Amino acid sequence: MLAINLTDALLNPPDAPALADIVARQTGRDASVRDYVLNTRGAARIITDASHELTAPRAAANGRPVQLLVNCWYGRHRAPAIADAIGQRMREAGAHVQVTHHHIDRPPVPRKHPRPDCPFYAIIHDGAPATIVREWADALAIVPRGGGCTDGHLLVLPRAHVADFTVDPVVSATVQLRAAELAAEIGGHGQWNYLTSCGPDATQTVYHLHLHVVPRTAGDGLSLPWTTTQTGAAA
């Protein structure tokens with residue numbers, strides 16, 4: 001089976017908040033979203049390359065089905081549009097094609113728009129001072145002001161503005177993915193705390209989702225936020 005992973009490809013969300021909300025409710029089979037995805041830089045090359053890569057497996061299969069899996073992060077926009085386009089290209093070449101969309105009926109997730117009063121918004125969108133250690137199309141990692149709790153402490157922030165991890169599961173999962181990638185690149189099999197807060201009673205002070213990636217070593221003296229003087233402690 002061949003596969004195309006669009007998780008980090010064709011990331012081209014609309015800038016206008018009203019348009020972004022409309023797109024969030026549609027799918028890659030709606031004409032406006034389909035055309036938007038297919039007109040994104042790099043889409044035509046992906047479709048052409050996939051069509052060429054299917055040639056040899058089809059010839060070797062002697063009439064048996066050949067599968068191509070196309071996936072993106074949530075499965076509602078980029079993957080359906082690209083899969084349908086590849087299917088159409090293959091039909092034009094004389095192939096019998098069946099396209100199945102496995103995740104297109106997932107519930108839409110409303111897009112979250114930046115807030116000018118958010119300090120992380122100022123870093124992400126206005127170039128406010130910060131030590132940025134890694135950037136992705138959907139997130140970035142920075143050093144906390146003041147240096148953090150331990151050497152190497154980092155914050156991973158989504159570019160989309162959401163208040164905390166409960167607001168948008170797709171954004172939360174994306175930031176978790178980026179934090180895991182970063183920790184693996186920096187520390188290999190190192191030991192970490194991976195923390196986020198939701199609400200003032202949980203020690204949240206900046207209401208833009210951010211994940212603390214905190215390297216740990218024996219004897220570093222750092223107590224977890226839920227450490228208590230009562231008998232027993234959370235694990």
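These numbers come from the heavy atoms of this one structure, side chains and all, not from hydrogens, waters or symmetry mates. Only a predicted model underlies this, so the values are computations on that prediction, with no experimental measurement involved.
A donor-acceptor contact shorter than 3.5 Å links the side chain of Arg78 to the backbone of Leu6. Judged by distance alone, with hydrogens and angles left aside, the side-chain atoms of Arg76 form a donor-acceptor pair with the main-chain N or O of Arg106 at under 3.5 Å. Side-chain atoms of Gln204 come within 3.5 Å of backbone atoms of Val206 as a donor-acceptor pair (strictly under, hydrogens ignored). With hydrogens and angles ignored, the 3.5 Å screen pairs a side-chain donor or acceptor of Asp168 with a backbone N or O of Val171. No side-chain donor-acceptor contact under 3.5 Å links Asp126 to the backbone of Ile123. Looking only at distances, no side-chain donor or acceptor of Thr27 sits under 3.5 Å from a matching main-chain atom of His77.
The neighbour count for Asp117 CG, taken as heavy atoms of other residues, nucleotides or ligands under 6.0 Å away, is above 12. Within a 6.0 Å radius of CD in Glu92, more than 12 heavy atoms belonging to other residues, nucleotides or ligands are found. Residue Phe165 places its CZ atom among 12 or fewer non-hydrogen atoms of other residues, nucleotides or ligands, all under 6.0 Å distant.
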Contacts under 3.5 angstrom, residues 51-63 side chains, donor-acceptor by atom type, not counting sequence neighbours:
unit_1, atom_1, unit_2, atom_2, d
Ser51, OG, Ile47, O, 2.9
Thr55, OG1, Ser51, O, 3.3
Thr55, OG1, His52, O, 3.2

Identify each donor-acceptor pair in which a side-chain atom of residues 139-147 lies under 3.5 Å from a protein atom, sequence neighbours left out, and give them as a table.
none

Given side-chain hydrogen bond (donor to acceptor under 3.5 Å, both in side chains), test Gln26 with Ser32 step by step and report yes or no. CA-CA 9 Å; Gln26 296 178 331; Ser32 58; 3.0 Å; yes

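Note on Arg178 versus Glu135: no salt bridge recorded, every NZ/NE/NH1/NH2 to OD/OE distance being 4.0 Å or above. Between Arg216 and Asp220 there is a salt bridge, since at least one side-chain N of the basic residue sits less than 4.0 Å from a carboxylate O of the acidic one.
Below 30°, between 30° and 60°, or above 60°: for His161 and His208 the angle between ring planes is above 60°, a perpendicular geometry.
Here the closest non-hydrogen pair linking Pro158 and Val175 is CB-CG2, 3.4 Å. For Val70 against Ala79, the heavy-atom pair with the smallest separation is O-CB, 3.6 Å. Minimum heavy-atom separation, Asp84 to His101: OD1-NE2, 3.0 Å.
In this structure, the separation between CG on Leu222 and NE2 on His153 is 9.0 Å, given to the nearest 0.5 Å.
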